[in-house]
J.: 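One structure, pasted below without further comment.
Per chain, numbering begins at 1; letters A, B, ... match sequence-line order.
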Amino acid sequence: MATRVTVDPVTRIEGHLRVDVEVDGGKVTKAWASGQMWRGIETILTGRDPRDAWIFAQRICGVCTTVHAITSVRAVENALQLEIPKNAQYIRNMIMTAHAIHDHVVHFYHLSALDWVDVVSALEADPHKTAALAESLSDWPQNSYATMKQAQDRLRAFVGSGQLGIFANGYWGHPAMKLSPEVNLLAATHYLQALEVQRYANQIVSILGGKNPHIQNLAVGGVANPINLDSQSTLTLERLMQVKDMIDKLGVFIKSAYLTDVSAIGAFYADWTTIGAGITSYLSVPDIPLDETGQNFAMPGGYIADGDLANYKPIKTFGDEFFREGVKEAAKHSWYANDAVLHPFDGETVPKYTDFQDDGKYSWIKSPTFYGKPAQVGPLANVLCGVAAGHEATKRYLGQVINNVNALAGIELPLSGLHSTIGRHAARAIRAAVLHEELERQWHLLMENIGRGDTATYVRPEFPKGEVRGFGFHEAPRGVLSHWVVIDNGVIKNYQAVVPTTWNAAPRNQDDAIGPYEASLMDNPVADPERPLEVLRTVHSFDPCLACAVHVFDTDQQQVVRVKAL
Amino acid sequence: MQVLVLGLGNILLSDEGIGVRVVEWLSQRFQFGPEVELMDGGTAGMELLVPMAGCDLVVIVDAVRTGRPAGTVVVLRDEEVPHFFRTKLSPHQVHLAEVLATLDITGETPDEVVVVGIEPLSLATGLELSAPVAARLEELAHHVLSELARHDLAPQPLTHRPRSLLLEAGAFAV
């Protein structure tokens, strides 16, 4: 007899995702992922000036404001075939990498580590043993006995006060929790330290973007950061040195704590390297442009069909034809009026709500496909494409993580172990380390270019008469993000955003093929249907952000609470 | 004294954006002292940690759902705030609950948290506020001002409203 489990909402912070699974014999046998809110952003952009689109687009999402802003200006710049000054690319690249590092650190420590780490168990740990373990794993300076003891005391006070607060939703004592008290304390200590460290990444975005959330420095044609190393009102040497200081502080934590922690969790939960693969066709796009037109990129991207790295096909430039022609969106199982498979340039956003129909329409999310097939996007896609493309830094950090896991678990983890729930976490940490190297390099590139006397940051866009089309892509923290714009006489005629969580949380497509979340849940163990921790582990491993794929329209009946009314 | 006035909400979803609109309204009309920061927080989450950390007073303006008629103004203080957020009323509740709980852990909980909220009528896609909410915008702003006045931090009215630089320079006939 199968049991139906509905988890709603799934996300710890963002948005509103509902996941339904049928469990039979302790395993998931059927799965549905459903976006529970309607996204209408596209309709708001029609008829507007394309130079303003990014200001609106960055409000699509509460966390990834920056990525929508950047992708939007790229789409318009692509339509106009604009050449963007190098300084503008470097500044944008630093904002993007800092933002992505922030996302990855916060996701691992604050949004998903508690799926694996039992904070209550950490209270039982011997801080001496934890410190010894931590010091054997890395040279992170904040792994001492005193630090561990202090963290444990803070947790004890917090739990003891009866206000579990942030930890109140945890599955403490669940049979699927397998770490020793010492490892739990180690992870919980780094959880607290990461709260401090994530601020540095945010400050980089704030300094360069002028404001965070919602950066203010973008423009179609470049950035609005005048560079004058001596003037207080512009990007000065002092501010750039401040950015460098933040970059250095971030680097120590990523390399000495994040990479080793993800390795430790991977080693202790090595069984999860065989669970949660799902769709193993991967899509990523190249990013961190190094020239004015997006012909050369620091990080590669492309398409891997059916998990075979030998099948890797690169996406090479902004405006790449292979990417442009491959992306379509199906709506057969989504609450939209037109069931046809449409290219984003021709995309429609006309709602048609039914109700949750297992075999019919059941989601506000459309179902994107790449050449007719679902594709998984995100750091794992990015890392696998990096390996397939021979990207040196990606291979180096991947090697480091696999060596750590093998040493700790006493196993030989094959590369195929990455096609898994834990693999998505490992890939995110590897990508954070690669991004950090790139952030540092972009800082140097900017300084060198300014040193050569180039202070240009902007070119003026000119809109032609008649219709032009363009698209921008970005390898965002959650994967491939693309914005598609049709401009007619300088006014937006159609605008579509195909966001990472749409790819991953897609419902069944035109051929009734299940999407990446759904596929990854198949055969997941579920020890206790009342507490479906394993389902959350797999869904969280994608870093879901439904506030982005859809938006905050809560159709639930809200609980009425007595409050003081004036 | 460190004070943050935080407007929350999604300006793309009509009344959802009321918090941001109130902060815009205030910043266009008043000059605030160095202790007071006005912030358009949009729908941000963890980004709010830094600006909120260790504040003496945080005044949050947001749309809230209490099941009361649209346009009802609701003011919540201190212990009412975390409770309020835990019971899922505002679309941003989870963001703020997380941020406030996180600040508890880091020992940087603001001394005083006040939510100035209003019951929305419409959360449909659109940049305009609905009539009953728009009619209360100034009232919400004055709630914020009275919280500041309680701490002797009332701002100075601006003698003229900032307009576009081009207008100021006389580039266009007005």
J.: How close do Arg199(A) and Ala53(B) get, counting heavy atoms only, and between which atoms?
T.: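 That closest heavy-atom pairing would be NH1-CB, 4.3 Å.
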
J.: Within a radius of less than 6.0 Å around CD of Gln216(A), do more than 12 heavy atoms belonging to other residues, nucleotides or ligands occur?
T.: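 More than 12 within 6.0 Å, yes.
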
J.: Run the side chain to side chain donor-acceptor pair (under 3.5 Å) test against Asp49(A) and tell me which residues pass, sequence neighbours left out.
T.: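 Checked Asp49(A) against side chain to side chain donor-acceptor pair (under 3.5 Å); matches are Arg51(A).
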
J.: Is a side-chain donor or acceptor of Arg154(A) paired with a backbone partner of Ile105(B) at a separation under 3.5 angstrom?
T.: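 Judged by distance alone, yes, a pair lies under 3.5 Å.
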
J.: Can you confirm whether Gln242(A) is buried at CD, in the sense that more than 12 heavy atoms of other residues, nucleotides or ligands lie under 6.0 Å from that atom?
T.: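 Above 12, so yes.
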
J.: When you compare the side chain of His110(A) with that of Thr102(B), does any pair of heavy atoms fall below 4.5 Å?
T.: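 No; the side chains remain at least 4.5 Å from each other.
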
J.: Salt bridge (Lys or Arg N to Asp or Glu O under 4.0 Å) with Arg428(A): which residues, sequence neighbours excluded?
T.: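 Arg428(A): no salt bridge (Lys or Arg N to Asp or Glu O under 4.0 Å) contacts found.
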
J.: Using non-hydrogen atoms and a 4.5 Å limit, figure out which bit of Gln198(A) sits close to chain B: side chain, backbone, both or neither.
T.: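 Contact with chain B is through the side chain of Gln198(A) alone.
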
